[in-house]
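Throughout, a chain's letter reflects where its sequence line sits, starting with A, and its residues are numbered from 1.
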2 protein chains.
Amino acid sequence: MTPTPGPVGAVRQGSLRELNLAVVLGRIAAADRPPSRAVLATETGLTRATVSAVVEDLITGRLVTEAEPAPRSGAGRPARGLVLAGNGPAGLGLEINVDYLAVCVVDLAGRVRHHTVHRADLRPVSPADALSRLVELAGQARAEAASQGLTLAGAALGVPGLVDDAGTVRLAPNLGWRDVPVPALLAGLPPLTERVDGVPPIVVDNEANLSALGELHAGSDGPASFLHISGEVGIGAGIVLDGDLFRGARGWSGEIGHIPVHSAGRPCRCGGRGCLEQYAGQEAILAAAGLDRADLPADTAPVRLTELAETGSVDALRALHEAGTALGIAVASVVNLLDLDTVVLGGGYAPLTPWLRPPVLDEISRRVLTAAWSPVTVRPAALGADAAAVGAAGSVVRRIIARPAGWLARTG
Amino acid sequence: MTPTPGPVGAVRQGSLRELNLAVVLGRIAAADRPPSRAVLATETGLTRATVSAVVEDLITGRLVTEAEPAPRSGAGRPARGLVLAGNGPAGLGLEINVDYLAVCVVDLAGRVRHHTVHRADLRPVSPADALSRLVELAGQARAEAASQGLTLAGAALGVPGLVDDAGTVRLAPNLGWRDVPVPALLAGLPPLTERVDGVPPIVVDNEANLSALGELHAGSDGPASFLHISGEVGIGAGIVLDGDLFRGARGWSGEIGHIPVHSAGRPCRCGGRGCLEQYAGQEAILAAAGLDRADLPADTAPVRLTELAETGSVDALRALHEAGTALGIAVASVVNLLDLDTVVLGGGYAPLTPWLRPPVLDEISRRVLTAAWSPVTVRPAALGADAAAVGAAGSVVRRIIARPAGWLARTG
DNA sequence: GCCAAATAATTCAATCGCTGAACAAATAGC
DNA sequence: GCTATTTGTTCAGCGATTGAATTATTTGGC
């Protein structure tokens, strides 16, 4: 018979405290208002004694601080609220994309404490040079974080391509990268040169995945299961289930751009026919709207498209309707397969949501069997174009919150 | 990054033993040959003392027994192998389908200890009557299990339709069921009338999901991530990831039958157009092969199709090629999205694998971006038509292995 | 103004389960 | 028959949680 998924690692004596640190910190992070120790005790089922001990560890480890006395209700000793510390560990988020580099720092509470975008066409730049520019930006971010009392506890880098477990970029077509060993090239990156807690100092991941995480981070109270679609030159999807990113068997999930929507349609550079990208990719939309990239300054075409749509240009509206229909067909497949109830339009799609949503919803309601019972929501992303950088930084923070023991052991 | 799935509930003192029971039992279940206590200790990182204590609990709880001395290698006191008990708890698996009822009992080790299939066209039968027939079969299974020294520790029922969390069958189109409250109608089912460990006594689930679990059970050492496709009148998919069934946000995942493969193709009863079911559903294949159901005795058409294909009938081969192509387009979508490396053809597709596989592989290699790095395997299911019953029983067993403390608390 | 009620947080002996080392058991090889 | 070797058990020690008692701090009533 087959391996049972059960807990893989053994549970040793000390794991108990480790796990409870995670439980309590997780509650503090998820709470709407700063909870007291007493509230945490009743919520988790632990004793108040235990919670006090755990909280003390978290406070001395700079993960949690006591908040100002919350508005009081009734008699009794006033509770002391607990909040995630704003001066403890923070995550460094990096992003390389076709036409910009982005760097940001996010603290434990999810606040963006530093944010830089460096615009430049990176296609002609070698991977090593691009990464060395990134290292420079990261150095500035680290200094900035230090001046705010933050300690960078890890970094994550988003790239528009497929990344393997070792962090090598196997293929980033729009960037022109192939088999780029990012971790080796980043050896000089300031924070974290050694492995911490079994995790490499730099996690390299797909940009669409990280954007989805960024959305999870930004949408404070929305549902924690959704499909996030990044509409750029390529189309990538990040699947978030119960607050966790779904990565697939090998981490290469989300290649929604090559889902066939018109099986015998236009040939695609992937070798297939009728791929979504051929109908809803940025270039396809612009071409259909009559906005050939050549006669416009770089990167203004998408803005121009929005303007045209707003002024009611027939060509633009038709192009968006076609793209929305194709997108809807692909999304219907995904929803049928994974049973998600929320679709987030991100990246270049976000500003186009008013025009894309109707045809998408149309196809969903037509093709999804369960849509009658529970309607599917389609909404624009909360974050802008560089959501991946925020998501990358957030992923670092999330790991600390999920496993605070690693951080605590580090500081001693 | 993947944040470690933090423990949701608190970790109390006793949880430690609970978790270690699961760890050790899981290792015993996953091992190729009966492991000794010493081996378990080194594998898990626990002390031999702890492992001995845990194993003692498992043995007194009838979950594990000591095997005959394994073939010895070298000096030293001979190890005593540990195996899953064949006389402890067992799972009761039930299945209702269009033309049969199936019941089976699976023991902890995954062996099928009892198996009955009752053929009957259930479409004209009311849900209450169908379920009462099932209760009768379950009673026999329970007696049979008792005579073999087994105790039924839970039951699961597979139905060809959508099931909600409460166990109500919202829609089973081919059975003609709608909003059938199965748990209420099953009140008289022999084993387990009270909730055990927070889990209802009867778990009702989609037949395709359970078939996938059955496959996981049967395929002893294959990869634990795959897509299992049941080709019946409808087409359902079960997604297994790392040995766990993926159920989607609301448990309605796997509706692969209505993935659009020819966006403007044949209208489907779901309201969409060009759904997979219209090209690769059983009826579509038979019609394309010229085997109209009317002129053949019930249920012989699929067999006849296989015969025709074997003898080289042009119509049959063309029908299968068309179906395989449609299936391949849909599977390509899934693989692009979820990055799976194995596709299992189950249900009615299993015997047709020789003819379906080539076009499916063809579409995959054409449309899946990552196929070049890691090829996708397409293979027939190991279990036959009533895989869902075995999978249902297996799901009960799997839950016990994943959380042995629940069972142990029950027997005291 | 003072006291009782109420709620929050801490202290402390008891207990549960894991640890590590010593010890007993059982066998192969010389 | 003796030794080396590996397995499994026993037992004192210890870390973390528990539950009750204690202290701390505020509100509300007399």
Next item on the list: Kindly calculate the angle separating the two end axes of the helix from C:dG1-D:dC30 to C:dC30-D:dG1, each obtained from five base pairs, and round it to 10 degrees.
Entry: 10°
Note to self: Is the phosphate of C:dC18 approached by B:Asn20 (side-chain N or O, under 4.0 Å from OP1 or OP2)?
What the structure shows: yes
Next item on the list: Please list, chain by chain and in numerical order, all residues satisfying side-chain contact (heavy atoms from CB on, under 4.5 Å) with A:Ala109, sequence neighbours excluded.
Entry: A:Leu84, A:Asp107, A:Arg111
Notebook entry, point to check: Taking only residues two or more places apart in sequence, or in another chain, which ones meet B:Asp164 in a side-chain contact (heavy atoms from CB on, under 4.5 Å)?
Noted result: B:Ala166, B:Thr168, B:Arg170, B:Trp252
Margin query: Output the rounded distance in Å from CD1 (B:Ile59) to C1' (D:dG8).
Written below: 12 Å
Item checked: All side-chain hydrogen bond (donor to acceptor under 3.5 Å, both in side chains) counterparts of A:Arg48, not counting sequence neighbours -> none
Margin query: Applying side-chain contact (heavy atoms from CB on, under 4.5 Å), can you list everything that pairs with A:Ala31, at least two apart in sequence or on another chain?
Written below: A:Pro35
Short N/O separations, protein against nucleotides 9-11 of chain C, under 3.5 angstrom:
unit_1	atom_1	unit_2	atom_2	d
C:dA9	OP1	A:Arg80	N	2.8
C:dA9	OP2	A:Arg37	N	3.2
C:dA9	OP2	A:Ala38	N	3.1
C:dT10	OP2	A:Ser52	OG	2.5

Checklist line | Gap between atoms CG and P, on A:Leu19 and C:dC18 respectively (whole Å) | finding: 13 Å
Checklist line | Donor-acceptor contact present, side-chain B:Ser36 to main-chain B:Val39, <3.5 Å | finding: yes
Check: Once you round it to whole Å, what is the distance between C1' of D:dT17 and CZ of B:Arg17?
Finding: 16 Å
Note to self: With a 4.0 Å cutoff (strictly under), does any side-chain N or O of A:Thr47 reach OP1 or OP2 of D:dT18?
What the structure shows: yes
Atom pairs, N/O to N/O, protein against nucleotides 13-16 of chain C, distance under 3.5 Å?
unit_1	atom_1	unit_2	atom_2	d
C:dC16	O2	B:Gln13	OE1	3.3

Next item on the list: Mark yes or no for whether B:Arg398, through its side chain, and B:Gly243, through its backbone, hold a donor-acceptor pair below 3.5 Å.
Entry: yes
Check: Listed by chain and number, what are the side-chain hydrogen bond (donor to acceptor under 3.5 Å, both in side chains) partners of A:Arg17, not counting sequence neighbours?
Finding: A:Asp57
Item checked: Partner set under side-chain contact (heavy atoms from CB on, under 4.5 Å) for A:Val240, not counting sequence neighbours -> A:Ala212, A:Leu216, A:Phe226, A:Leu245
Next item on the list: Quickly work out the B:Leu46 CG to D:dG8 C1' distance and round it to whole Å.
Entry: 15 Å
Checklist line | Nearest heavy-atom neighbours spanning B:Val24 and B:Leu58 | finding: CG1-CD1, 4.0 Å
Check: Given atom CG of B:Leu16 and atom C1' of D:dT17, what is their separation to the nearest angstrom?
Finding: 10 Å
Margin query: Under the rule for side-chain hydrogen bond (donor to acceptor under 3.5 Å, both in side chains), what residues qualify as partners of B:Gln148, not counting sequence neighbours?
Written below: B:Arg113, B:Glu144
Checklist line | side-chain hydrogen bond (donor to acceptor under 3.5 Å, both in side chains) against A:Glu66, all qualifying residues, sequence neighbours excluded | finding: A:Arg37, A:Arg80
